[in-house]
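Letters go in sequence order (proteins before strands), and every chain restarts at 1. On a predicted model such as this, the values are computed, not experimentally measured, just so you know.
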Amino acid sequence: MFRHAAATRPKSYFFLAHRRQLSSQRHAFPVDFIATAIRPFPDYSPKKPAIYDAELVRSIVTALKQRRSESPDVILGPFAARFRSDHLVWAFLHLRSDPVLVGALLHWYRPRGRPVPAEALAIAAHVAVVSGEPASARRLLRDGLVSHRNFVDRVIYTYKYWCSVPSVFDLLFGAIVDINRLDEARTLFRHLVTYGIIVSADACNALLSRLTLDHMLSTFSEFQELGLRWNTKSCNVLIHGFCGAGKTGEAHRILLEMEGTVGASPDIISYSTLIDAYCRYGELLQATELFEEMGDKGLMPNAFTFNSLITLLCKNEKVVEAERVFTEMMFRGVAPDHVVYTTLINGYCKSGKLPAVYRLVEEMKNSQLVPDTVTYTALIYGLSRSGNMVEANKLFREMVGKGLSPDEVTYTALIDGYCKEGKMNDAFYLHNEMLQMGLVPNVVTYTALSDGLCKQGEVETANELLRETSGKGLELNVFTYNSLINGLCKIGNIEQAVKTMVDMEAAGLCPDVYTYTTIMDAYCKSGEMDQAHDLLREMLDKGIQPSIVTFNVLMNGFCTAGMLEDGRRLLEWMLERSIMPNSATYNSLLRHYCMEKTMKTTTKIYKEMRASGIMPDENTYNILIRGHCRARNMKEACYFHSEMIGKGFSLSRGSYNALIKGLVRKKRLTEATQLFEEMRAKNLVANREIYNIFIDINYTEQNIEMTLELCDEAIEKCLPESDLNKI
DNA sequence: CGGGAGGTCT
């Protein structure tokens with residue numbers, strides 16, 4: 001049923017509506033200003049058909065109404081030759097309460113090569129809105145907008161005669177925003193105000209969220225002054241905008257003041273957005289304070305809120321704490337979704353804790369949560385990182401099998417995995433495959449490939465690749481330059497590395513802690529401690545904070561240069577500034593004292609390390625074991641060996657050699673043989689000396705077959721003795 | 001209107 005009464009409604013209705021709006025505003029306008037400012041919608045009516053046309057239209061309409069179940073093509077076919085675009089509107093006059101038939105007529109007319117007139121599209125949209133079909137109205141409006149320059153005018157022009165309702169303008173506004181004509185949306189808002197129409201806050205929010213921060217703010221105040229009452233979502237958009245620009249202080253201010261200035265109280269999204277920003281910028285304290293505060297206000301944190309905290313903890317390599325928060329969240333009755341699981345899985349992937357990863361994947365499946373592309377990418381990345389390309393590929397196929405599409409991030413994770421293994425052919429094969437899939441490799445992909453080439457010593461090829469990358473219009477960034485600089489350092493070309501650092505500055509990129517640490521390491525390794533120190537000075541002057549790696553590089557430099565006093569001083573300097581050393585810091589010192597065969601000092605330092613709560617890593621154990629073996633402390637060596645096995649660490653080639661040699665010396669042949677077999681099973685090559693020992697033993701015991709096998713193996717695999725010291 | 005994946009230094 002169509003309500004003709006609506007046609008008389010607009011003027012007074014909107015006047016009242018507008019007054020109501022203003023009375024709740026802080027900046028009230030004089031009422032008589034509004035009374036004179038509002039103009040009525042135009043009085044238009046469709047032009048009259050000629051008798052011939054009217055009869056044609058009546059026949060068409062009758063046919064459509066009576067034969068609803070038949071295809072419009074069949075019904076309208078006979079009229080096709082005589083049908084003009086004018087007939088559309090005349091037909092709509094009879095079909096105004098029947099949006100289905102309006103749609104059918106348009107649908108039939110449209111593909112016939114002639115454009116649908118703006119007027120017909122606008123009318124069809126009004127009919128759809130009035131009949132409660134906003135989705136099709138929006139489609140029609142969008143069509144009108146893209147095909148007719150003055151479509152907005154047509155919608156306003158036809159508004160009154162077709163007894164439309166104000167929400168058509170929300171849809172029109174939304175459609176303009178959809179096609180990204182943001183200035184036009186703002187103009188429309190102002191224009192509609194002159195008719196006494198205020199576009200809804202939600203429609204305006206869609207615009208707001210697409211604007212840059214500056215425009216966002218100016219639009220917010222302008223629309224507010226024109227009579228719009230913004231809502232909580234609007235403030236959330238502003239909060240998000242400020243957060244994205246790093247202005248958490250401003251965002252926080254909105255959260256605190258929105259109730260008073262806009263009359264909209266912050267909701268769970270307002271808080272979560274700000275909490276997420278604090279987490280992103282590493283301000284855990286601020287984040288947790290807000291977390292508490294929202295609870296006090298009766299806003300319960302949800303999976304989004306918790307996820308931000310979990311992400312931050314994972315980023316800070318506190319994945320165990322992250323899981324504690326995860327457990328706490330479930331305890332509070334918040335069910336984790338697939339995103340939270342992905343966050344935590346990724347955290348464990350980064351720290352290489354695959355058993356925990358598998359446990360969470362299992363748990364996720366049991367909760368009926370479905371992993372998506374992001375989840376799979378995190379898993380593939382985790383497996384690539386731990387050198388397990390076979391499993392990574394299996395997962396890749398599994399995700400494709402499940403109908404998920406790998407994107408450029410997924411491919412890059414796999415490509416990086418191959419690069420880290422030095423399998424550059426596989427890496428480039430995947431690069432080609434992603435091109436064939438229509439995916440566009442980005443600067444991250446090329447950085448991974450370039451880094452892979454650099455690590456293979458093919459710095460020239462990497463340089464060539466990056467030239468091509470720039471040629472494609474991709475902008476190289478700090479990561480790219482750093483990996484190239486590292487490549488140059490590793491082939492011993494520090495001079496070129498420094499030149500490249502200058503290049504990157506010329507390209508407008510600031511060398512960061514990675515750049516400096518990389519070059520400092522090169523200087524340290526070539527014994528140029530003064531140069532390294534100069535660079536440290538330079539980076540401190542620039543206000544770049546050294547990382548633990550920077551200190552470790554220096555520590556390693558001091559130790560290898562035999563500047564032990566400087567090393568110890570550096571350690572104390574770090575401790576005084578509560579810069580927490582890690583296992584690598586201590587490993588340099590330990591390695592040095594082991595080489596000096598001063599195991600007493602080594603043990604003292606090791607005890608200091610444990611007392612500071614620093615867990616030894618695989619390297620630490622290998623250093624200690626080799627040291628104790630050389631000092632012939634087999635009891636200690638064996639103790640550390642069993643402890644490291646208990647933690648899932650493995651002996652290095654050097655440690656195997658040292659342990660076996662030590663055990664043989666103590667005549668503990670059973671243990672020595674067992675280790676030798678274990679070593680061979682892992683495809684690690686023993687020293688010539690060790691082979692000789694076992695060849696002798698087997699020969700003495702007349703195990704001729706074994707003797708020959710070992711001889712062959714030694715000839716095939718062992719390097720000449722002279723090269724052994726280089727390993 | 002809010003959350004999760006990939007590339008650089010020992």
Side-chain angles (χ1 to χ4, degrees), chain A residues 202 205-206 208-209 231-241 243 267-277 279-280 302-311 314 337-347 349-350 371-382 384-385 406-417 419-420 441-452 454 477-487 489-490 512-522 524-525 546-557 582-585 587-588 619:
Chain A
D202 281 333
N205 288 338
L208 210 57
S209 65
N231 59 21
T232 299
K233 286 181 188 178
S234 327
C235 297
N236 291 347
V237 174
L238 289 191
I239 291 174
H240 191 243
C243 288
D267 65 2
I268 187 162
I269 296 181
S270 327
Y271 274 97
S272 297
T273 306
L274 192 53
I275 287 173
D276 183 63
C279 287
R280 268 176 214 283
N302 63 15
F304 281 78
T305 331
F306 276 102
N307 190 58
S308 300
L309 290 174
I310 294 172
T311 304
C314 287
D337 59 13
H338 71 288
V339 173
V340 182
Y341 268 105
T342 303
T343 307
L344 206 50
I345 285 171
N346 189 49
C349 281
K350 273 196 157 74
D372 63 8
T373 299
V374 178
T375 319
Y376 271 102
T377 303
L379 287 167
I380 287 168
Y381 160 79
S384 302
R385 267 290 144 116
D407 59 15
E408 64 280 0
V409 182
T410 321
Y411 268 100
T412 303
L414 262 185
I415 286 174
D416 185 52
C419 288
K420 294 276 180 297
N442 56 28
V443 66
V444 182
T445 321
Y446 287 109
T447 301
L449 284 167
S450 159
D451 187 60
C454 284
N477 58 28
V478 184
F479 287 80
T480 328
Y481 276 96
N482 285 345
S483 99
L484 190 59
I485 287 170
N486 186 47
C489 286
K490 292 296 172 314
D512 64 2
V513 57
Y514 282 79
T515 325
Y516 279 101
T517 305
T518 305
I519 303 182
M520 278 167 67
D521 182 50
C524 286
K525 291 220 162 85
S547 71
I548 181 64
V549 181
T550 318
F551 290 114
N552 289 347
V553 158
L554 281 170
M555 179 63 82
N556 195 44
N582 63 17
S583 53
T585 326
N587 288 347
S588 296
N619 240 332

Q. For A:T445, which contact category applies under a 4.0 Å heavy-atom criterion: base, sugar-phosphate, or nothing?
A. base

Q: Check if the side chain of A:D337 and the base of B:dG3 share a donor-acceptor pair of N or O atoms closer than 3.5 Å.
A: yes

Q | Check ion pair A:D267-A:K233 (N to O, under 4.0 angstrom) | A | no

Q) Is the phosphate of B:dT8, meaning OP1 or OP2, less than 4.0 Å from a side-chain N or O of A:K420? A) yes

Q.
Please determine whether side-chain hydrogen bond (donor to acceptor under 3.5 Å, both in side chains) holds for the pair A:T515 and A:D512, giving the CA-CA distance in whole Å, both sets of side-chain angles, and the decisive distance to 0.1 Å.
A. CA-CA 5 Å; A:T515 325; A:D512 64 2; 2.9 Å; yes

Q: Please determine, for the side chain of A:T447, which listed nucleotide (B:dG2, B:dG7, B:dA5) has the closest atom?
A: B:dG7

(Q) Under the side-chain hydrogen bond (donor to acceptor under 3.5 Å, both in side chains) test against A:S272, which residue among A:N236, A:T305, A:N307 passes? (A) A:T305

**Q.** Atom-pair distance (CG on A:L484; P on B:dG7), nearest Å
**A.** 18 Å

Q. Which of these nucleotides, B:dG3, B:dC9, B:dA5, is closest to any side-chain atom of A:S547?
A. B:dC9

**Q.** A:N556 CG - B:dT10 C1' separation (whole Å)
**A.** 7 Å

Q) Does any donor-acceptor pair link the side chain of A:N477 with the base of B:dG7 at a separation under 3.5 Å? A) yes

Q: Check every strand shown and say whether A:T375 touches a base, only sugar-phosphate, or nothing at a heavy-atom separation below 4.0 Å.
A: base

(Q) Regarding B:dG7, can its base be found pairing with the side chain of A:N442 as donor and acceptor, where the two atoms are less than 3.5 Å apart? (A) no

Q.
Expressed as a whole number of angstroms, how long is the span from A:D202:CG to B:dC1:C1'?
A. 10 Å

Q. Is a side-chain N or O of A:N486 found less than 3.5 angstrom from the main chain of A:C489, in a donor-acceptor match?
A. no

(Q) Taking only side-chain N and O atoms of A:K490, does any of them lie within less than 4.0 angstrom of OP1 or OP2 on B:dT8? (A) no

Q: Take the protein atom CG of A:L238 and the nucleotide atom C1' of B:dC1, then report the distance between them rounded to whole Å.
A: 10 Å

**Q.** Short side-chain N/O contact to B:dG6 OP1/OP2 from A:K350, under 4.0 Å
**A.** yes

(Q) Closer than 3.5 angstrom, by distance alone: can the side chain of A:N582 be matched with the main-chain N or O of A:T585 as a donor-acceptor pair? (A) yes

Q.
From the set B:dT10, B:dT8, B:dG7, return the single nucleotide nearest to any side-chain atom of A:A448.
A. B:dG7

Q: Among the candidates B:dT8, B:dG4, B:dG2, find the nucleotide nearest to the side-chain atoms of A:N486.
A: B:dT8

Q: Using a cut-off of strictly less than 4.0 Å, decide whether A:N346 has a side-chain nitrogen or oxygen near OP1 or OP2 of B:dG4.
A: no

Q: Scan A:S384 against the nucleic acid and name what it touches under 4.0 Å (heavy atoms): base, sugar-phosphate only, or nothing.
A: nothing

Q. For A:T412, which contact category applies under a 4.0 Å heavy-atom criterion: base, sugar-phosphate, or nothing?
A. base

Q.
Check for me: is A:Y514 stacked on B:dC9 by the 5.5 Å centroid and 30° plane-angle rule?
A. no

Q: Figure out the CG/C1' separation between A:D276 and B:dC1, and round it to whole Å.
A: 13 Å

Q: Please state how far atom CD1 in A:I269 lies from atom P in B:dG2, giving the value in whole angstrom units.
A: 8 Å

Q: Please report, rounded to the nearest Å, how far the C1' atom of B:dG3 is from the CG atom of A:D372.
A: 12 Å

Q.
Please tell me if A:Y481 has a side-chain N or O lying less than 4.0 Å from either OP1 or OP2 of B:dG7.
A. no

Q: Would you state whether a donor and an acceptor, one from the side chain of A:S272 and one from the base of B:dG2, lie under 3.5 Å apart?
A: yes

Q) Is A:V237 touching bases, backbone alone, or none of the nucleic acid, heavy atoms closer than 4.0 Å? A) sugar-phosphate

Q: Look at the side chain of A:T343 against the base of B:dG4 and say whether a donor-acceptor pair falls under 3.5 Å; ignore hydrogens and angles.
A: no

Q. Can you find a heavy atom in the side chain of A:V374 that is under 4.5 Å from one in the side chain of A:H338?
A. no

Q. Which nucleotide, B:dG2, B:dT8, B:dG4, lies nearest any side-chain atom of A:D512?
A. B:dT8

Q: Using atom CG of A:D521 as one end and atom C1' of B:dT8 as the other, report the distance to the nearest whole Å.
A: 13 Å

Q | Within-4.5 Å side-chain heavy-atom neighbours: A:P406 and A:T373 | A | no

Q. Within the structure, does a side-chain N or O atom of A:R280 lie under 4.0 Å from either OP1 or OP2 of B:dG2?
A. no

Q) Which is true for A:T517 with a 4.0 Å heavy-atom rule: it touches a base, it touches only sugar-phosphate, or it touches nothing? A) base

